[in-house]
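Treat the numbers as computed from the prediction; the structure is a model and nothing was measured. Order of the sequence lines sets the chain letters (A, B, ...), proteins ahead of strands, with each chain counted from 1.
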Amino acid sequence: MAQKPSIPKGTRDFSPEEVSRRNYIINTLRHNFELFGFQPIETPSFENSSTLMGKYGDEGDRLIFKILNSGDYLSKVSEENYAAKDSNALTSEISEKALRYDLTVPFARYVVQHQNEIEFPFKRYQIQPVWRADRPQKGRFREFFQCDADAVGSQSLLQEVTFVQLYDAVFTDLGLKGTTVKMNNRKILSGLAETIGASDKLIDFTVALDKLDKIGEEGVITEMLSKGITAEAIERVKPIFKVSGSFAEKLSVLKELLADSETGKQGIEELQYINEKIEALGLKTVTLDLDVTLARGLNYYTGAIFEVAAPKGVQMGSIGGGGRYDDLTSIFGSNQPLSGVGISFGLDRIYLVLEELNLFPEQAIKGTRLLFLNFGENEALYCLKAVQSLREAGITAELYPDSAKMKKQMSHADKRNINFVVLAGTQEMADGVYTLKNMKTGEQQSLNLQALIKAIS
RNA sequence: GUGGUUGUAGCUCAGUUGGUUAGAGCGCUUGAUUGUGGUUCAAGAGGUCGUCGGUUCGAGACCGAUCUUCCACCCCA
């Protein structure tokens, strides 16, 4: 088979077992989302390019999959751009649509577009695939699922508290112990940049800071220097490299550092509020931690920033993230800025973590319980009657479609992990019974239909 | 987008400094066993060595391009 068919890089096929296990995670998520009062919506897999472009930064724009216009798109291209081979300028002329890059921006678009029909505060969840033209790596795909829960129309910090509880509820249900929800606040990062006189370099500052656990203090300093942040400024923020201890202890270090920054102090107050409420409420399996170096997704977060780290010992990037965004809707021309806050679960990565830790429950894979062996036309009909009754009783049952050799039918049941087979030939038909065989123990018993249903339920 | 890495049977992998007809294990098919799967034994099927091009008398092996895998960077779920 020289030319084996293939799928694009970074995409995957899912086997029946994989789909079952993915559904197990999705069902757990959906159950908790609804328990917390979130309502489902769905949006198209592709949007107008103008909806997506410019919302994720330059890097994000590069990673958005663009959809080629239909028809003779080259004929409409401007001569200058074509002659200059200016790909960037040409892109907007030959592509007007793009694949969804995340679920947050389409949600913001949805809220603005339907603002008159929506009852606020609006809490929605959304479980759909997103696409990124990234280069694949461990836990990084070009097509993957995001599972988002967002709440818009309320500035209350109780929303943030709720999202921490939601993370706790989900990971507890999945049996995933030892996850850490790391929190930070955009206002603290702004405050830090402000205190050291580098407000104009906020993004460079935070991106470098974010790499602390990866490249170490020296690496961060080198990167900051290369971005034009002065050595004097870096000296002033050095305490945050070594901040440690409890959530409250870290906050007090920050309080000193940010004493002169109104924005910074506000960020501290917000985090303090959330932490106090969580401490009063308690968490089941998740640990809430303050991580000043957390700085992902800054292009639209304005307040709280969340990121979920997998349990220690599992090599995996973050398995969830989120934050508060105050002005995302204004980008789409909302007359009144709607504050939103939300979190995302990385389904594909959670899957990899659960698999690595062997945490999928056996009943996550539900298959056929009962296979009727086929001995011929008359026997098949006799069996189908029983199959029908079993299905009505809610038992997954099926008949082998061909009257193949018993060995073949038995090993079929074996390979599909079906625990019971029924043998019904002329003798059983004459007696009005079915021979039930347990494939694990080899035990067999002769039962009438009622007894059969009873034995299997 | 940058750097590295991988590709041989359905799967996991051997294949020496380039040399006849490319191998193993597992899986698959058939039989031993016409109403009993897993175990055992026997036989069999299955490959244009990712693709295209080049070097050579000769390429699975060497070179180039391309696709793919995995990893690091950028960035990110």
Can you tell me how far C1' of C75(B) sits from CG of Asp204(A), to the nearest Å?
14 Å
Please state whether the base of G35(B) and the side chain of Glu428(A) form at least one donor-acceptor pair under 3.5 Å?
yes
For the aromatic rings, using the six-membered ring if either is Trp, is the centroid distance between Phe46(A) and Phe65(A) under 6.0 Å?
no
Interatomic distance where CD belongs to Gln445(A) and P belongs to U36(B) [whole Å]:
19 Å
Nucleic acid contacts - residues 42-64 of chain A versus RNA chain B, non-hydrogen atoms under 4.0 Å:
Glu59(A), Arg62(A)
Among residues 167-184 of chain A, which contact RNA chain B at a heavy-atom distance under 4.0 Å?
none
Does OP1 or OP2 of A72(B) have a side-chain N or O of Gln137(A) closer than 4.0 Å?
yes
Taking Gln128(A) for its side chain and Thr43(A) for its backbone only, find out whether a donor-acceptor pair lies under 3.5 Å.
yes
Regarding Ile319(A), tell me which of base, sugar-phosphate or nothing describes its non-hydrogen contacts under 4.0 Å with the strands shown.
sugar-phosphate
Can any side-chain N or O of Arg349(A) pair as donor or acceptor with the backbone N or O of Ile319(A) at less than 3.5 Å?
no
Between P on U34(B) and CZ on Phe375(A), what's the gap in Å once rounded to a whole number?
14 Å
C1' gap between C52(B) and C13(B), integer Å:
26 Å
Please identify which of these residues, Asn27(A), Asn32(A), Thr28(A), Thr285(A), meets the side-chain hydrogen bond (donor to acceptor under 3.5 Å, both in side chains) condition with Asp173(A).
Asn32(A)
Polar atom pairs (N or O), protein with nucleotides 3-5 of chain B, under 3.5 Å:
| unit_1 | atom_1 | unit_2 | atom_2 | d |
| --- | --- | --- | --- | --- |
| G3(B) | O6 | Arg135(A) | NH1 | 3.3 |

Please assess Phe33(A) against Phe345(A) for the test ring-ring contact (aromatic ring centres under 6.0 Å, His included), listing each intermediate value before the final yes or no.
CA-CA 11 Å; Phe33(A) 287 161; Phe345(A) 291 81; 5.8 Å; yes
Backbone N/O of Thr293(A) and side chain of Asp291(A): donor-acceptor pair under 3.5 Å
yes
Treating Glu18(A) as the side-chain partner and Ser15(A) as the backbone partner, does any N or O pair qualify as donor plus acceptor under 3.5 Å?
yes
What does Glu307(A) touch in the nucleic acid at a heavy-atom separation under 4.0 angstrom: a base, only the sugar-phosphate, or nothing?
nothing
Salt bridge (charged side-chain N to carboxylate O under 4.0 Å, His left out) against Arg100(A), all qualifying residues, sequence neighbours excluded:
none
How is Thr426(A) classified with respect to the nucleic acid when contacts are heavy atoms under 4.0 Å: base, sugar-phosphate, or nothing?
base
Please confirm whether the backbone N or O of Phe36(A) pairs with a side-chain atom of Lys123(A), one donor and one acceptor, at under 3.5 Å?
yes
Arg30(A) to Tyr125(A), cation-pi by 6.0 Å centre distance and 45° axis angle
no
Could you give the distance separating A22(B) and U16(B) at their P atoms, to the nearest angstrom?
15 Å
Is it true that a side-chain atom of Gln409(A) and a backbone atom of Tyr400(A) form a donor plus acceptor pair closer than 3.5 Å?
no
Please work out if Gly425(A) contacts a base, only the sugar-phosphate, or nothing of the nucleic acid, heavy-atom cut-off 4.0 Å.
base
Integer-rounded Å distance: G1(B) C1' and Lys66(A) NZ:
12 Å
Scan Ser318(A) against the nucleic acid and name what it touches under 4.0 Å (heavy atoms): base, sugar-phosphate only, or nothing.
sugar-phosphate
For G35(B) and C28(B), measure between their P atoms and round to the nearest Å.
23 Å
Nearest heavy atom decides the nucleotide; on that basis, is Gly320(A) or Ala133(A) closer to the 5' end of RNA chain B?
Ala133(A)
Under the 5.5 Å and 30° test, is Phe144(A) stacked on the base of A77(B)?
yes
Residue pair Glu96(A) / Ser49(A), side-chain donor-acceptor N/O under 3.5 Å:
no
Apply salt bridge (charged side-chain N to carboxylate O under 4.0 Å, His left out) to Arg140(A) and Asp348(A), showing your working.
CA-CA 9 Å; Arg140(A) 285 179 90 154; Asp348(A) 303 82; over 6 Å; no
Do Thr302(A) side-chain atoms and Asp326(A) backbone N/O form a donor-acceptor pair below 3.5 Å?
yes
If I take atom CD in residue Gln444(A) and atom C1' in nucleotide U36(B), what distance separates them, rounded to the nearest angstrom?
7 Å
Once side chain to side chain contact (heavy atoms under 4.5 Å, CB included) is applied, do any residues pair with Asn419(A), and if so which ones, sequence neighbours excluded?
Lys440(A)
By nearest nucleotide on RNA chain B, pick out whichever of Ser344(A) and Glu223(A) is the more 5' one.
Glu223(A)
Quick check against the 3.5 Å criterion: does Thr329(A) have a side-chain atom that pairs as donor or acceptor with the backbone of Leu338(A)?
yes
Please list, pair by pair, any protein nitrogen or oxygen found under 3.5 Å from a nitrogen or oxygen in nucleotides 66-68 of chain B.
none

Going through the distances and angles, do Lys238(A) and Ile221(A) end up as a side-chain contact (heavy atoms from CB on, under 4.5 Å)?
CA-CA 9 Å; Lys238(A) 263 192 174 169; Ile221(A) 292 173; 3.7 Å; yes
Between atom CG in Asp134(A) and atom P in C76(B), what is the gap in whole Å?
10 Å
Want to know the stems of RNA chain B: at least 3 consecutive Watson-Crick or G-U pairs with distances under 3.5 Å, which are they?
B:1-4 with B:70-73, B:10-13 with B:23-26, B:28-32 with B:40-44, B:50-54 with B:62-66
Summary of protein contacts for nucleotides 37-46 of chain B, nucleotide by nucleotide, where a base hit scores B, a sugar-phosphate-only hit scores S (4.0 Å, heavy atoms):
BB--------
For Gln113(A), check side chain to side chain contact (heavy atoms under 4.5 Å, CB included) against everything at least two apart and list the hits.
Arg109(A)
Strand contacts (RNA chain B) in residues 209-218 of chain A, 4.0 angstrom heavy-atom criterion:
Lys211(A), Lys214(A)
Taking the minimum atom-to-atom distance to the side chain of Leu423(A), which one of U30(B), A77(B), G35(B) wins?
G35(B)
Identify all pairs in which a protein N or O lies below 3.5 Å from an N or O of nucleotides 25-28 of chain B, and state each distance.
| unit_1 | atom_1 | unit_2 | atom_2 | d |
| --- | --- | --- | --- | --- |
| C28(B) | OP1 | Lys415(A) | NZ | 2.7 |

Within the modelled atom types, does a donor on one side and an acceptor on the other bring the side chain of Gln409(A) and the base of U36(B) under 3.5 Å apart?
no
Please tell me whether Phe144(A) and Tyr351(A) form a close aromatic pair, meaning their ring centres lie under 6.0 Å apart.
no
Hey, does the side chain of Glu93(A) reach the backbone of Ser78(A) with a donor-acceptor pair shorter than 3.5 angstrom?
yes
Quick check against the 3.5 Å criterion: does Tyr56(A) have a side-chain atom that pairs as donor or acceptor with the backbone of Leu63(A)?
no
For the C1' atoms, the ones on U33(B) and on U40(B), what distance do you get once it is rounded to whole angstrom?
13 Å
Touch class at under 4.0 angstrom, heavy-atom based, for Phe145(A) against every strand present
nothing
In chain order, what residues pass the salt bridge (charged side-chain N to carboxylate O under 4.0 Å, His left out) check against Glu428(A), with sequence neighbours excluded?
none
Between Lys211(A) and Glu223(A), is there a side-chain N and carboxylate O pair less than 4.0 Å apart?
yes
